[in-house]
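The structure under discussion appears below in the form of structure tokens.
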Amino acid sequence: MPRAHAKINLGLQILRRREDGYHEIETVLYPIDIYDTIEFREEERDVVVESTDPLLPVGESNLCWRAAEAVRRQAKINRGVRILIDKRIPIGAGLGGGSSDAACVLRELPKFWNINLNDEPLSEIAASLGSDVPYFLRSGTALARGRGDDLEYFDFSLPYWIVIVYPNIRISTRWAYEQWRPEENSKKLDLKRFLIDHVNEPQIWVDKLRNDFESIVFRAHEAVRRAKDALYAGGADFAQMSGSGSAVYGLFKVEGDAKELAENIGENLPVFVMEPHSQITF
């Protein structure tokens, strides 16, 4: 069954507000082994979306519904499909779950319908659905610029245990961007070069690698800041919020520290643990 994997952001710099209303950003997107599964079933004429998570909208606002409709228009067909989403990626967590689900539909639905769509129209559809959607059309780590859809993939693998904590808070990305204000004297980091050069030096990450959404979310949601503090208290070599939140991740050199922290926090909050150098392909 097709998998829609999540991502974390390794640094996130908001550079400016663009004239089109979007924001110019730079971030590195890294795939992780948390995933939803997507199942397709025959439906006579309509596009129908169902989810195991009752909080997920399944109507026309759902990105999978919009992706399927866009594929139908592009292929000029009138077939239906029932899309079943087994939801494991938390909603509103900054892990890209909705975008990844939509990209999975773009990748896999043409196979289900036995139609051919080349990469160019699929990429255009992905960009129209959301800034993160194009990233999930292929595997790998990528530097994302512009709205987040100008992608440069590069070889990169984290040599750390990754612990992700979801504080049970749903953050609206639109809300987070609305709260952002430019900071004076904010230095821009060459994220790709920094990560490659200092991949084994997480102590340097602590001082240099920033997520510009953190201060916004921490002011509004103390529990997110506490989750990050708990990761450091449990032995994380580096911790940061992913995307616009609310999930936070910690990188651990020591397996025992990662698993002990996950066990302790997991009594109260959803926690995910991934091994070093986890290779995600789809």
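- Glu152 and Lys192 are joined by a salt bridge, as a carboxylate oxygen and a charged side-chain nitrogen come within less than 4.0 angstrom of each other.
- In this structure, Arg82 does not pair ionically with Glu39, as no charged nitrogen and carboxylate oxygen lie closer than 4.0 Å.
- For the pair Asp36 and Lys87, the salt-bridge criterion is met [side-chain N within less than 4.0 Å of a carboxylate O].
- The ring-ring contact (aromatic ring centres under 6.0 Å, His included) contacts involving residues 27-53 comprise His5-Tyr35, Phe40-Phe112, where partners must be two or more places apart or lie in separate chains.
- Leu56 and Leu95 sit in two unconnected hydrophobic clusters of ILVMFWY residues. Membership requires side-chain heavy atoms under 4.5 Å apart, directly or through other members.
- The neighbour count for Asn116 CG, taken as heavy atoms of other residues, nucleotides or ligands under 6.0 Å away, does not exceed 12.
- If you chain together hydrophobic residues whose side chains sit under 4.5 Å apart, Leu109 and Phe136 never meet in one group.
- Inter-residue side-chain proximity for Ser139 and Ile280 is flagged as unmet; no heavy-atom pair is nearer than 4.5 Å.
- Within 6.0 Å of CD in Glu120 there are 12 or fewer heavy atoms belonging to other residues, nucleotides or ligands.
- Counted within 6.0 Å of CD on Glu263, heavy atoms from surrounding residues, nucleotides or ligands total 12 or fewer; the atom is thus considered open.
- A donor-acceptor pair shorter than 3.5 Å cannot be found between the side chains of Ser131 and Asp149.
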Working for salt bridge (Lys or Arg N to Asp or Glu O under 4.0 Å), residues Glu44 and Arg79: CA-CA 6 Å; Glu44 188 172 348; Arg79 295 179 60 180; over 6 Å; no

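- Ser123 is not listed as a side-chain neighbour of Pro134, based on a closest heavy-atom distance of 4.5 Å or more.
- Hydrophobic clustering, with ILVMFWY side chains joined whenever heavy atoms are under 4.5 angstrom apart, groups Phe238 together with Phe272.
- Between Arg41 and Glu43, none of the side-chain N atoms (NZ, or NE/NH1/NH2) sits under 4.0 Å from a carboxylate O, so this pair counts as no salt bridge.
- Follow the hydrophobic side-chain contacts under 4.5 Å out from Leu10 and you reach Ile34 in the same cluster.
- Here His23 pairs with Tyr177, Trp180 under the ring-ring contact (aromatic ring centres under 6.0 Å, His included) rule; sequence neighbours left out.
- Within 6.0 Å of CG on Asp119 lie no more than 12 heavy atoms contributed by other residues, nucleotides or ligands.
- No chain of hydrophobic side-chain contacts below 4.5 Å, direct or via other Ile, Leu, Val, Met, Phe, Trp or Tyr residues, connects Met274 to Leu261.
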